[in-house]
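Heads up: the structure comes next, in structure tokens.
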Protein chains: 2
Amino acid sequence: MTDRRQLLLDAAIRVLGTRGLRQLTHRAVDAEAGLPEGSASNQFRTRDALVAGVFGRLVEVETAAWDQLAGELPPGDPDAFVTVLGGLIRHLTTEGRVVVQARHALFVEAAVHPELRQEIGAGRDRLARWGVPVVAALGSADPGAHFRMLLALVDGLLGNQLAYPEEDFAPEAAISALLRGLLPADRPGR
Amino acid sequence: MTDRRQLLLDAAIRVLGTRGLRQLTHRAVDAEAGLPEGSASNQFRTRDALVAGVFGRLVEVETAAWDQLAGELPPGDPDAFVTVLGGLIRHLTTEGRVVVQARHALFVEAAVHPELRQEIGAGRDRLARWGVPVVAALGSADPGAHFRMLLALVDGLLGNQLAYPEEDFAPEAAISALLRGLLPADRPGR
DNA sequence: TCAGTGGCACTACATCCGTAGTAACATGCC
DNA sequence: GGCATGTTACTACGGATGTAGTGCCACTGA
């Protein structure tokens, strides 16, 4: 049942993340999954259905990553927050880059195809339910807005590093600086 | 001569920014430019040539925008910097969104096709030549790194707002916060 | 045992795309 | 005027792509 769908969707994420949006075709997914031609076309009758499926699967995969992250995070400790989030970003720009690139490709597509935005909104809400309390515990006066700012910074760091990798990539510095600007200064950073 | 090329490239940017990477075809560009079929295919013999041309034109267009920005910017004034940059971001997420979406689409493609990265590096260097002195004038201790952080934040804000527009979009708050965290605190902002 | 059901492999087809080739055309030079 | 050169318009074609259709097979429940 969903076993095959998941196999195909994970293959589709790999295609999307390594070869780009234009190469995401039914046949390419079949090949990547090692399944006979027609399998993807059969499970996802149209290309839009395939894209929607990929998006849903992507949300699942990334949600799992955040949940794991939450476990490692002592609440209310900005330094630990910076370290752990920085580590996540480092991971997402190296071993985990395929998933991030797939997501960014879909984001770009969402800017053009508004029907995808609903799902992005849902995924973002789920992420906010996890992240806003974390930011609040750090002492933020407006955790909702501050969480969105952090999210934007993280996405920007990911996007720039993936499009144009730099050797001395130091995401922690940027996160730490933004946090320092957001939080009350009763706890001097560094 | 380059008159026709520029016409075609500007049409290609519109196609890329409004219909996405997958729809960027020779024929679509012909139609968007109002030129007979075959024009784009003739000027840009391969699709890669078309993409490269679009990228070059994009750098031209955005460079012009920064230069104009530079004129409005009194040096060494963080508040003015936040206001002007915030205004630019607001513009780039509304009237100017087509160009930004086109650029982000190419960034995603660059993550997959490394040959584009060279050109991204060149465009980024040009931007840095403009921006690093500006950041230095604000009092930054490490203008090169700080400029890159600001760039990442701006790109993240743009990307998020374009993929999932929010009513109460306030880019100034994020920029101001990051700046506050980066600059020495001898001039308490807000 | 056997009809029914649903997923799966495989195929067919119309369409679209990238690319290259050719002919008409303008423009500048002798 | 006549020729050369480079640009533009148009067409052709091989190949890939999206989509739907068809038959096979395993499994279910009586």
Side-chain angles (χ1 to χ4, degrees), chain A residues 1-58 102 105-106 108-110 112-116 119, chain B residues 1-58 102 105-106 108-110 112-116 119:
Chain A
M1 50 173 277
T2 72
D3 199 24
R4 227 166 178 77
R5 287 179 73 90
Q6 185 164 320
L7 200 67
L8 285 164
L9 288 178
D10 287 340
I13 290 175
R14 285 196 300 276
V15 171
L16 196 55
T18 56
R19 276 180 278 169
L21 248 169
R22 292 192 80 247
Q23 308 296 331
L24 181 67
T25 69
H26 285 118
R27 285 166 177 86
V29 172
D30 293 335
E32 177 70 33
L35 293 176
E37 278 202 359
S39 304
S41 157
N42 202 15
Q43 289 284 343
F44 305 94
R45 230 39 186 168
T46 71
R47 209 190 102 94
D48 285 348
L50 179 62
V51 170
V54 167
F55 191 88
R57 177 69 184 145
L58 223 41
L106 287 185
V108 169
E109 204 63 4
V112 163
H113 292 121
E115 63 271 19
L116 275 177
E119 315 204 44
Chain B
M1 52 171 276
T2 72
D3 200 24
R4 221 159 185 80
R5 286 179 73 90
Q6 184 164 319
L7 201 68
L8 284 163
L9 289 178
D10 287 340
I13 290 176
R14 286 197 299 277
V15 171
L16 195 55
T18 57
R19 276 180 277 170
L21 244 168
R22 274 178 54 85
Q23 307 297 329
L24 181 67
T25 69
H26 285 119
R27 286 169 177 83
V29 173
D30 293 334
E32 176 70 33
L35 293 177
E37 279 204 356
S39 304
S41 157
N42 201 19
Q43 289 284 343
F44 306 94
R45 230 39 185 166
T46 70
R47 191 176 181 279
D48 285 349
L50 178 61
V51 170
V54 167
F55 192 88
R57 178 69 185 143
L58 224 40
L106 287 184
V108 168
E109 205 62 5
V112 162
H113 292 119
E115 65 270 19
L116 274 177
E119 314 205 44

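The chains referred to below are lettered A, B, ... by the order of the sequence lines, with proteins before strands, and numbering in each begins at 1. Side chains are part of it too, since the values below use all heavy atoms of this structure and drop only hydrogens, waters and symmetry mates.
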How close or far is atom [atom2] of [N] from atom [atom1] of [X], stated in whole angstroms?
X      : N       : atom1 : atom2 : answer
E37(B) : dT11(D) : CD    : P     : 9 Å
R4(B)  : dT7(D)  : CZ    : P     : 13 Å
L8(A)  : dA9(C)  : CG    : C1'   : 13 Å
D30(B) : dT8(D)  : CG    : P     : 13 Å
L35(A) : dA9(C)  : CG    : P     : 6 Å

Mind running a 4.0 Å heavy-atom check of residues 11-21 of chain B against DNA chain C and sending the residues that fall below it, in number order?
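Nucleic-acid contacts, sorted: none.
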State which residues pass side chain to side chain contact (heavy atoms under 4.5 Å, CB included) with A52(A); sequence neighbours excluded, sorted by chain then number.
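Expected list: E119(A).
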Could you walk me through whether V51(A) and L16(A) satisfy the side chain to side chain contact (heavy atoms under 4.5 Å, CB included) test, starting with their C-alpha distance in whole Å, then the side-chain angles of each, then the deciding distance to 0.1 Å, before giving a yes or no?
CA-CA 10 Å; V51(A) 170; L16(A) 196 55; over 6 Å; no
Partner set under salt bridge (charged side-chain N to carboxylate O under 4.0 Å, His left out) for D48(B), not counting sequence neighbours:
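D48(B): no salt bridge (charged side-chain N to carboxylate O under 4.0 Å, His left out) contacts found.
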For E32(B), enumerate each residue passing the salt bridge (charged side-chain N to carboxylate O under 4.0 Å, His left out) test, keeping only those at least two apart in sequence or located in another chain.
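So E32(B) forms a salt bridge (charged side-chain N to carboxylate O under 4.0 Å, His left out) with R14(B), R19(B).
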Considering all heavy atoms, the nearest [X]-[Y] contact:
X      : Y       : result
R57(B) : I13(B)  : CG-CD1, 3.7 Å
L7(B)  : A33(B)  : O-CB, 4.4 Å
L21(A) : A105(A) : CD1-O, 3.5 Å

Pair L24(B)-R47(B), side chain to side chain contact (heavy atoms under 4.5 Å, CB included): steps then yes or no
CA-CA 9 Å; L24(B) 181 67; R47(B) 191 176 181 279; 3.8 Å; yes
Could you give me the CA-CA distance, side-chain angles and deciding distance for V29(A) and L50(A), then say whether side chain to side chain contact (heavy atoms under 4.5 Å, CB included) is met?
CA-CA 10 Å; V29(A) 172; L50(A) 179 62; 4.2 Å; yes
Main-chain N/O of F44(A) paired to H26(A) side chain as donor or acceptor, under 3.5 Å:
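Pair found, side chain donor or acceptor close to backbone of F44(A).
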Polar-atom pairs under 3.5 Å, protein N or O versus N or O of nucleotides 24-27 of chain C: list them with distances, or write none.
none

Letter by letter from the 5' end, nucleotides 12-24 of chain D scores (B base, S sugar-phosphate only, - none; protein heavy atoms under 4.0 Å) B----BBBBB---
From CA spacing to verdict: side chain to side chain contact (heavy atoms under 4.5 Å, CB included), D30(A), T25(A):
CA-CA 9 Å; D30(A) 293 335; T25(A) 69; over 6 Å; no
Side-chain N or O of Q43(A) less than 4.0 angstrom from OP1 or OP2 on dG7(C)?
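No.
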